[in-house]
Amino acid sequence: MAVEIPKPKHGFRREMSFMERLYLPAIFKGMRVTIQHFFGHRWTIEYPDVIPVAAPRFRGLHVLKRDEEGRERCTACLLCMYVCPANAIHIEPALATPENQDDYTEEKYAKVFEINMLRCIFCGMCEEACPCGSIYLTRDWETSDNDIDHFIYGKDRLMESEGSPLLFKE
Amino acid sequence: MNQTTLTLLIDAGKIAVILGCTMGAVAYTTFAERRFAAFMQNRIGPNRAGPWGLLQPLADGFKFMFKEDFVPEFADRFLYRLAPIVAFVPALLLVGVLPFGPDLVIGSQVIPLQIADPNFGVLYFLAIASFGVYGVIMAGWGSNNKYSIAGGLRASAMMISYEVSMGLAVVGLIMMAGTVHMSTIVGQQDGFFGWFIWKQPLGFLIFVVTTFAETHRVPFDLPEAEQELVGGYNTEYGSMQLGLFQMGEYAHLITASALMVALYLGGWQFPGLNLLENSPILYALAGLTVMAVKVFFIIFVFIWVRWTIPRFRYDQLMRLGWKVLLPLALLNILVTALVILI
């Protein structure tokens with residue numbers, strides 16, 4: 001048996017009351033809201049003057065850590081290179097010689113360690129894969145540059161050391 | 001120096017000063033609009049050029065100057081070039097009859113703070129104000145662009161429907177004042193409750209709504225509806241020509257606000273201002289200040305409304321114009337006539 005659905009008297013739209021059809025009360029209500037915002041808080045961060053600090057767990061630019069004795073933690077195991085989903089990491093390992101052995105934790109070290117920041121998706125998987133606690137993602141996020149070649153970060157910019165442009169900021 | 005030369009010099013000086021002030025006000029109204037819009041959206045707005053961004057209008061002007069002066073292919077070059085001028089000039093002509101303050105008396109010289117005070121002031125204003133729409137229509141036709149022509153047609157249709165109600169709303173005021181002489185109308189509004197807004201509240205309301213339409217501002221900015229018409233009549237324009245359109249629009253806004261103040265809000269009159277009547281220069285300056293503050297307040301309300309409510313649909317606009325405002329304006333005339341008769 002078919003049941004008849006009763007239709008609203010004026011279609012599905014409610015008839016507006018007289019006050020609503022005047023429009024003016026609604027407009028004044030709206031103006032009250034905007035004037036509250038006029039005197040309200042300004043959310044703009046004036047970027048070059050005020051640099052916002054990212055959250056501690058923010059995944060920004062990478063840093064290669066040193067251990068307590070100032071030796072490079074990276075042993076060129078290539079795990080980060082293999083785990084990287086964007087193929088952004090390029091490592092060339094080398095064997096340490098007796099002369100420079102003091103700089104490295106093991107006898108193998110990364111002669112070249114490059115991260116292409118245009119490929120990198122900042123997923124943090126290299127950080128998770130690293131068995132030596134060498135690579136970390138910092139909260140530094142100011143990556144813009146005018147030259148495309150500058151986006152390939154070498155050891156000079158990634159390695160944590162005094163005078164290098166990228167010190168790990170806590 | 002005889003009296004004729006002196007009068008000529010004074011008039012030339014008045015024209016220069018008042019036009020200069022209007023242009024400056026136009027520049028800073030654009031700035032105020034952007035800044036207040038930002039405040040209402042919890043932003044800061046342009047604040048990098050000069051202290052508090054006060055040089056922003058200058059920067060905008062320079063930017064316009066250095067842009068390419070482009071005329072689209074198949075455009076009507078003559079109309080296309082002429083349109084911004086036709087849109088801009090009438091808006092400036094309007095300042096000619098606006099009373100900005102009481103007479104300035106220096107020695108034996110009486111200087112009315114008004115460029116010209118013809119005895120048909122209000123009629124002149126209403127006549128010239130509707131000229132601005134020709135620029136919009138010419139721009140729409142000359143651009144050879146379907147969005148532009150749609151904007152131009154909307155502007156003309158809107159002008160026809162709202163000009164009527166505006167004129168009729170003013171008729172009620174003219175009946176009460178008994179004159180269309182601008183400075184007499186202002187002079188009649190003595191004391192706070194002498195303002196015509198209290199005697200003509202309905203007329204004032206209709207006048208405000210139609211002024212929004214007349215100056216093409218939200219909620220009646222259909223000729224330039226960015227979302228539907230990609231800028232409407234000024235879609236094809238760039239460089240200083242676009243700048244002229246915008247300046248014309250803001251000049252019109254300023255003059256329309258000044259007219260509203262002169263007709264309904266007592267012009268330069270303010271309760272307590274008569275105390276200064278003994279020192280004419282101070283009196284004139286105080287009158288100018290009061291006028292400027294009132295005009296600024298009206299402009300602020302325009303900006304405030306613009307960033308509060310959305311645009312009307314075209315059919316809603318027409319219905320409001322013909323079926324609501326026009327009968328209300330006629331009713332206003334009828335009631336005013338009855339009150340005057342009794």
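Judged by the 6.0 Å and 45° rule, B/Lys199 forms a cation-pi pair with B/Phe196. With a 6.0 Å cutoff to the six-membered ring centre and a 45° limit on the axis angle, B/Arg311 does not count as a cation-pi contact of B/Phe220.
Across all their heavy atoms, B/Gly172 and B/Thr336 have their closest contact at O-CG2, 3.6 Å.
For chain B, the nearby part of A/Leu24 is the side chain; its heavy atoms alone come within less than 4.5 Å. In this structure, chain A has heavy atoms under 4.5 Å from both the backbone and the side chain of B/Ile44. For A/Glu46, the part sitting under 4.5 Å from any heavy atom of chain B is the side chain, from C-beta outward, and nothing else.
For the residue pair B/Thr210 / B/Ser165, no side-chain donor-acceptor distance below 3.5 Å is found, with atom types taken as modelled.
For chain A, the option among B/Trp304, B/Trp307, B/Phe36 with the highest count of heavy-atom pairs below 4.5 Å is B/Trp304.
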